[in-house]
Amino acid sequence: EYLKKNVTETNNDQTLYIDLPKNEQITQLDIELSAQGAANARTTTTFIDQIDTIEVLADGSKVIGSLEPEIWLYQHFLANNGIYAPCGFNNGPSARDMLEFSIYFGRFPFDEQYMLDTSLYNNVQLRIKYTLDIVTNFTTQTFRSNIVMWRPLTKLSPVGFIRNRVVKKETSGTAVETIYHDLPMTYPL
């Protein structure tokens with residue numbers, strides 16, 4: 001089921017809020033985002049650099065999933081046994097760049113044991129924060145999105161959902177070092 005179909009945004013810098021249907025069991029969301037390149041060739045950036053974060057939040061603050069697009073692509077890669085998401089990045093002038101991947105709430109596509117049950121929350125939203133560089137790299141008002149939701153035909157009894165989120169992010173200022181982190185013990189890993 002489409003939640004958004006070929007919607008072109010008039011704003012070049014915003015956070016999209018897409019409400020997920022209430023009382024649904026969602027196995028995955030297919031995300032397709034794109035923007036039209038500027039008339040000059042892009043040599044130092046791609047469309048993926050224009051997306052800040054993609055999140056799924058329940059009741060406004062409960063993090064179901066919150067990652068940068070590169071990590072969502074890696075999650076897609078792992079869930080599909082090493083098959084890359086079909087993205088289309090093009091440095092040519094006026095070419096449309098496309099980012100396409102799936103957010104899985106289970107261990108793999110169409111997992112019947114793990115999925116997101118939105119009936120457990122008052123509301124669940126998909127949030128996509130982006131900032132198009134319209135000065136040199138992309139054409140104004142060309143950010144477009146397609147969001148597809150996959151759900152079972154009959155109600156199932158899922159165990160829960162798989163959470164994807166950043167626990168800690170850091171950039172080292174040293175050329176060589178060993179960094180240790182304690183993993184959170186609140187949830188199973």
Side-chain angles (χ1 to χ4, degrees), residues 1-22 24-58 60 63-80 83-106 108-110 115-116 118 123-151 161-162 164-166:
E1 177 180 328
Y2 274 99
L3 300 178
K4 287 185 83 165
K5 186 173 183 181
N6 286 330
V7 177
T8 301
E9 303 297 330
T10 57
N11 198 328
N12 298 312
D13 179 1
Q14 70 175 333
T15 301
L16 296 177
Y17 297 93
I18 299 107
D19 291 325
L20 301 185
K22 294 178 188 246
E24 286 291 349
Q25 294 178 327
I26 303 172
T27 61
Q28 71 192 58
L29 296 173
D30 290 346
I31 312 288
E32 180 190 293
L33 308 172
S34 66
Q36 185 76 35
N40 56 312
R42 295 175 306 283
T43 57
T44 59
T45 190
T46 63
F47 180 61
I48 201 168
D49 300 319
Q50 310 303 298
I51 312 296
D52 300 318
T53 58
I54 299 172
E55 302 178 304
V56 179
L57 299 177
V63 178
I64 292 172
S66 178
L67 298 173
E68 295 169 339
E70 296 88 348
I71 308 301
W72 280 123
L73 286 172
Y74 184 63
Q75 181 256 8
H76 178 102
F77 175 79
L78 293 175
N80 286 282
I83 297 174
Y84 291 108
C87 297
F89 300 129
N90 189 327
N91 290 345
S94 300
R96 181 165 281 279
D97 274 10
M98 183 183 69
L99 175 63
E100 185 178 353
F101 64 96
S102 297
I103 294 175
Y104 298 106
F105 299 109
F108 45 81
F110 311 112
M115 64 185 69
L116 177 60
T118 62
N123 61 45
V124 181
Q125 283 185 325
L126 172 66
R127 296 182 187 178
I128 301 170
K129 181 172 178 9
Y130 70 92
T131 305
L132 279 185
D133 175 9
I134 57 170
V135 175
T136 56
N137 292 310
F138 290 91
T139 305
T140 185
Q141 299 180 347
T142 60
F143 186 92
R144 185 170 63 205
S145 61
N146 286 297
I147 312 294
V148 176
M149 172 187 74
W150 292 85
R151 62 180 177 206
F161 62 88
I162 305 296
N164 290 285
R165 64 182 173 143
V166 173

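Computed from a predicted model, the values in this text were never measured in an experiment.
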I'd like to check Ile162 versus Tyr104 (side-chain heavy atoms, cut-off strictly below 4.5 Å). Are they in contact? no
Side-chain touch Phe143/Gln14, heavy atoms, less than 4.5 angstrom: no
To check you understand the geometry: which heavy-atom pair defines the closest contact between Met115 and Phe161, and what is its length? O-CB, 3.6 Å
On a heavy-atom basis, which atom in Ser102 and which in Gln28 lie closest, and how many Å separate them?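 In this case the closest contact between Ser102 and Gln28 is OG-NE2, 3.8 Å.
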[atom2] on [Y] to [atom1] on [X], rounded to 0.5 Å:
X	Y	atom1	atom2	result
Leu16	Tyr130	CG	OH	5.0 Å
Gln25	Arg151	CD	CZ	10.5 Å
Tyr2	Met149	OH	CE	13.0 Å
Ser145	Leu33	OG	CG	6.5 Å
Trp150	Ile103	CH2	CD1	15.0 Å
Tyr84	Leu73	OH	CG	11.0 Å

For [X] and [Y], indicate whether the former's side chain and the latter's backbone hold a donor-acceptor pair under 3.5 Å.
X	Y	result
Thr118	Pro21	yes
Ser66	Glu55	no
Trp72	Phe101	no
Gln50	Asp133	yes
Asp97	Asn90	yes

Of Ile147, Leu99, Ile18, which meets side chain to side chain contact (heavy atoms under 4.5 Å, CB included) against Ile31? Ile147
Can you confirm whether the side chains of Arg96 and Ser34 place a donor and an acceptor under 3.5 Å from each other? yes
Side chains of Asn6 and Asn146 only: does a donor on one sit below 3.5 Å from an acceptor on the other? yes
